[in-house]
Amino acid sequence: MKVADKKRLLREMLFARRFEERCYEAYVERNIGGFLHLYPGEEACAHGVLEAADADKDYVITSYRDHVHAIKWGADPRKVMAELYAKETGVSKGRGGSMHIFDVKNRFMGGYALVGGPFPLAAGIAKAIQMKKGEEICICFLGDAANNQGTFHESLNMAKLWNLPVFYVCENNLYGIGTRIDRSTAVVEQYKRVSAYNIPSAQEDGQDVEKVYKAAGKAIKHVRSGKGPYFLELMTYRYRGHSMSDSNAYRARAEERMWSKRDPIIMFRDRLIEDGHLTKEEYTDMDTDILDEIENEVIAFANDSPEPPVSEVERYVLAENDPWVRGGVHK
Amino acid sequence: MTEIMFWEAVLRAHDEELANDPMVLVMGEDVGVVGGTYKATLGLYDKYGEQRVIDTPISENGFTGLGIGASFLGVRPIIEIMSVNFAWLAMDQMFNTAAKVRYMSGGQLEAPVVVRSPGGTAHQLGSQHSARMEKVFMGIAGLRVVTPSSPRQAYGLLKSAVRCNDPVFINEHELMYNMKGEVPDEEYFHPLEGSEIARPGRDVTLFGYNISVHWCLQAAELLSKHHGIEAEVVDLYALSPLDRAGIRDSVTRTHRAVIVEEAEPMVGVGAEVMAIINEECFFELDAAPLRVSALNVPIPYNHALEKTALPDANDVVEAVRTMFGV
Ligand SMILES: Cc1ncc(C[n+]2csc(CCOP(=O)(O)OP(=O)(O)O)c2C)c(N)n1
Ligand SMILES: [Mg+2]
């Protein structure tokens with residue numbers, strides 16, 4: 001990775017952190033409703049993987065913890081925030097909310113709220129790519145606990161059976177809400193589980209963005225070359241509760257402290273400083289700059305945007321004026 | 001017009017749609033090499049190849065979700081669920097994804113999948129192979145539900161469903177695949193909304209759909225012959241959205257309504273049509289509407305018990321006689 005790219009990546013990760021922290025405040029201020037799942041602590045996963053993917057080609061799909069993936073994949077942060085504010089200008093026109101960020105023109109195929117739901121959807125997107133003989137791949141991010149869904153096994157089986165170009169990324173933050181992985185899952189190391197389907201896999205430190213980038217690069221090369229699916233497990237940790245209603249009472253403070261010492265942004269920052277690519281002042285300026293941008297552009301845009309007109313509540317249920325509903329055009 | 005069997009009509013629609021658009025594919029358990037449990041895809045594997053006529057593993061939720069994901073990119077999958085009883089397992093993807101993705105993405109994504117499946121009760125198949133699930137599907141916003149009563153409808157509905165940009169569930173019937181009927185020789189697309197008058201009449205409307213249309217038609221003949229009652233039979237081939245105007249028009253003509261469904265009465269088509277009559281044309285009624293439904297029991301294996309649990313043409317006749325006091 002070039003130095004300029006490293007610095008941009010650091011800025012993107014810091015932006016993601018500040019964006020999510022601002023979401024927290026906006027939720028407390030009651031500007032954001034519903035369920036809100038935040039990403040601080042896990043930034044290196046989405047950024048490392050997607051930095052290695054092709055932003056002009058590849059498809060991305062994930063769960064409800066989706067803001068950061070969408071932004072990294074090209075979604076306008078102002079429109080993501082507007083979505084959280086339930087505004088018409090939101091990426092999903094205020095109909096989706098935090099768990100349903102969609103930005104299809106950038107090939108961000110959505111956030112889905114049913115744990116394990118995206119596994120087969122990703123395989124299907126890959127099937128479509130395969131039918132069209134495309135060079136794209138589909139990247140599917142899901143949590144560790146999602147792997148206990150039937151869709152995990154059904155999808156891995158089909159993905160390998162038909163050698164579909166799908167890259168499954170497991171963000172293993174050790175918990176599914178309040179249940180620690182060893183209390184829910186017989187095989188704790190997730191990358192081992194996929195060997196049952198003959199799918200190549202690896203486990204990587206999800207706090208080190210450069211390691212993630214490298215591991216993802218290898219995986220993507222495999223998938224793009226037509227060899228079928230790949231599974232990458234990234235060991236990570238979320239700082240906040242599962243969603244806003246969660247106080248983290250089930251976690252040991254010592255465990256939390258241990259992980260905060262391996263903060264993905266601080267680790268990457270310090271490495272850049274050590275290597276002489278960045279100064280402390282530059283970093284502080286970067287942070288100030290980001291905080292300004294979030295307040296003056298992102299939050300301002302969300303605040304000032306209109307809500308969807310109530311008269312349009314029944315729009316988008318079915319296709320509009322679809323001629324085939326009436327038996328076609330030539331009748 | 002040529003008379004063909006129901007399964008041949010479904011097969012013809014598959015064949016024409018696969019030929020028409022290279023993005024159309026067929027997937028399901030045993031649809032390929034075997035040609036489909038009810039022969040609805042017979043010969044298509046050899047004609048279009050394993051990439052487009054796909055034998056899936058027995059993973060209903062998985063392959064339905066896979067089809068939905070493919071449809072996001074313009075693929076138009078026709079998914080066969082071997083029996084409606086197994087569709088329970090695919091409801092997660094059908095309801096949580098296909099039905100909602102257009103809405104929750106603010107119109108950015110759509111899931112133009114067709115899911116077709118044989119439902120209904122056949123002969124002594126027992127509780128777990130006798131589900132009638134149309135009422136479950138029609139209760140979900142964002143999904144179209146159609147249910148053919150004839151080879152013509154089976155052919156034309158499948159063709160329109162493939163072309164339509166909404167997800168469509170097609171509820172077929174295990175006992176109807178060998179039923180014969182006329183199908184136009186030229187290409188034909190059946191509307192996905194509306195209803196058809198299967199038999200005109202003036203004294204009472206019998207509302208049916210899928211197999212119960214045939215019970216209604218038999219009952220109408222008996223009522224005419226033995227009681228001089230001329231029943232109109234309305235075929236509700238579209239269950240979602242339901243044809244409110246068609247229901248209102250017929251009841252406004254006949255002033256009486258009996259709804260005939262193969263399923264249990266709770267939260268069913270009968271209840272829904274009654275609600276529509278109530279809302280649309282209550283003051284046109286000369287009698288309280290009745291419904292003819294199955295008993296509220298799992299379907300028994302024993303033949304006599306099974307027969308008792310299910311409605312038939314005689315039950316329709318009895319309901320109308322009760323209504324007229326004859
Ligand atoms: C099918 C389903 N069951 C239960 C839930 C409730 N739920 C939401 S998130 C979650 C835990 C998922 O954990 P994991 O997959 O590890 O992802 P993480 O939230 O840790 O990123 C649960 C149980 C759900 N949304 N969907
Ligand atoms: Mg987790």
Side-chain angles (χ1 to χ4, degrees), chain A residues 59 61 83 88 90-97 99-100 102-105 109-110 112-114 116-132 134 138 150-151 153-155 157-159 161-162 164 308 315-320 322-331, chain B residues 22-23 25 27 50-52 54 56-75 77 89 92-93 96-97 99-110 112 141-144 156 159-167 187-194 241:
Chain A
Y59 292 82
I61 190 165
E83 184 61 33
E88 178 73 10
V91 273
S92 307
K93 294 201 158 62
R95 271 73 163 181
M99 301 191 288
H100 305 303
F102 286 83
D103 189 20
V104 174
K105 74 177 183 323
M109 307 304 277
Y112 297 83
L114 277 283
F119 282 123
L121 300 174
I125 289 167
K127 169 70 188 172
I129 293 168
Q130 192 184 60
M131 272 180 86
K132 297 177 180 191
C138 182
T151 49
H153 299 277
E154 297 187 0
S155 303
N157 180 51
M158 291 186 290
L161 184 66
W162 299 323
L164 302 176
R315 238 186 125 175
Y316 309 122
V317 176
L318 295 170
E320 279 166 27
D322 191 316
W324 302 103
V325 169
R326 255 147 246 105
V329 275
H330 57 106
K331 241 194 87 187
Chain B
M23 284 297 118
L25 58 78
M27 52 194 286
E50 62 176 6
Q51 292 294 322
R52 295 183 63 205
I54 305 168
T56 62
I58 307 168
S59 307
E60 285 79 8
N61 202 34
F63 69 69
T64 301
L66 189 148
I68 293 166
S71 80
F72 291 172
L73 269 64
V75 174
L89 287 97
D92 161 40
Q93 287 294 342
N96 284 314
T97 312
K100 296 182 170 66
V101 76
R102 181 192 300 281
Y103 199 90
M104 69 190 195
S105 70
Q108 292 180 79
L109 269 189
E110 57 190 14
L143 205 63
R144 291 184 178 279
K159 289 192 54 97
S160 297
V162 172
R163 308 270 177 123
C164 172
N165 286 327
D166 294 318
E187 199 173 33
Y188 167 65
F189 294 89
H190 197 287
L192 297 171
E193 292 183 5

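Chain letters run A, B, ... following the sequence lines, proteins first and then strands; every chain starts at 1.
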Max heavy-atom pair count under 4.5 Å with chain B, selected residue of [options]:
options                                   : value
Met99(A), Glu154(A), His100(A)            : Glu154(A)
Asn157(A), Leu114(A), Leu161(A)           : Leu114(A)
Lys93(A), Glu88(A), His153(A)             : Lys93(A)
Asp103(A), Ile61(A), Leu164(A)            : Asp103(A)
Ala113(A), Gly110(A), Gly97(A), Ala128(A) : Ala128(A)
Glu83(A), Lys105(A), Met158(A), Gln130(A) : Met158(A)

message: side-chain contact (heavy atoms from CB on, under 4.5 Å), that's the test. Do Val325(A) and Cys164(B) meet it? Break it down for me.
response: CA-CA 7 Å; Val325(A) 169; Cys164(B) 172; 4.2 Å; yes
Which atoms of [X] come close to chain A, meaning under 4.5 Å heavy atom to heavy atom: side chain ones, backbone ones, both, or neither?
X         : result
Ser160(B) : both
Asn96(B)  : side chain
Pro22(B)  : backbone
Glu60(B)  : backbone
Thr64(B)  : neither
Leu89(B)  : neither

task: With the side chain counted from C-beta on, respond yes when Trp324(A) and Asp166(B) share a heavy-atom pair under 4.5 Å apart, and no when they do not.
output: no
field: Greater than 12 external heavy atoms within 6.0 Å of Ile58(B)'s CD1
entry: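 Result for CD1/Ile58(B): open.
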Counting only heavy atoms closer than 4.5 Å, note whether [X] contacts chain B via side chain, backbone, both or neither.
X         : answer
Met109(A) : both
Glu320(A) : neither
Tyr59(A)  : side chain

Taking all heavy atoms of [X] and all of [Y], pick out the closest pair and write down the distance.
X         : Y         : result
Gly69(B)  : Ile125(A) : O-CG1, 3.5 Å
Gln51(B)  : Lys127(A) : O-NZ, 3.0 Å
Arg102(B) : Leu318(A) : NE-C, 3.6 Å
Leu121(A) : Gly65(B)  : CD2-O, 3.3 Å

Taking the side chain from [X] and the backbone from [Y], do they hold a donor-acceptor pair closer than 3.5 Å?
X         : Y         : value
Asp322(A) : Asn165(B) : yes
Lys132(A) : Leu73(B)  : yes
Gln93(B)  : Gly117(A) : yes
Gln108(B) : Val91(A)  : yes

message: Using side-chain contact (heavy atoms from CB on, under 4.5 Å), reason through Phe102(A) and Val101(B) one step at a time and then give a plain yes or no.
response: CA-CA 10 Å; Phe102(A) 286 83; Val101(B) 76; 3.8 Å; yes
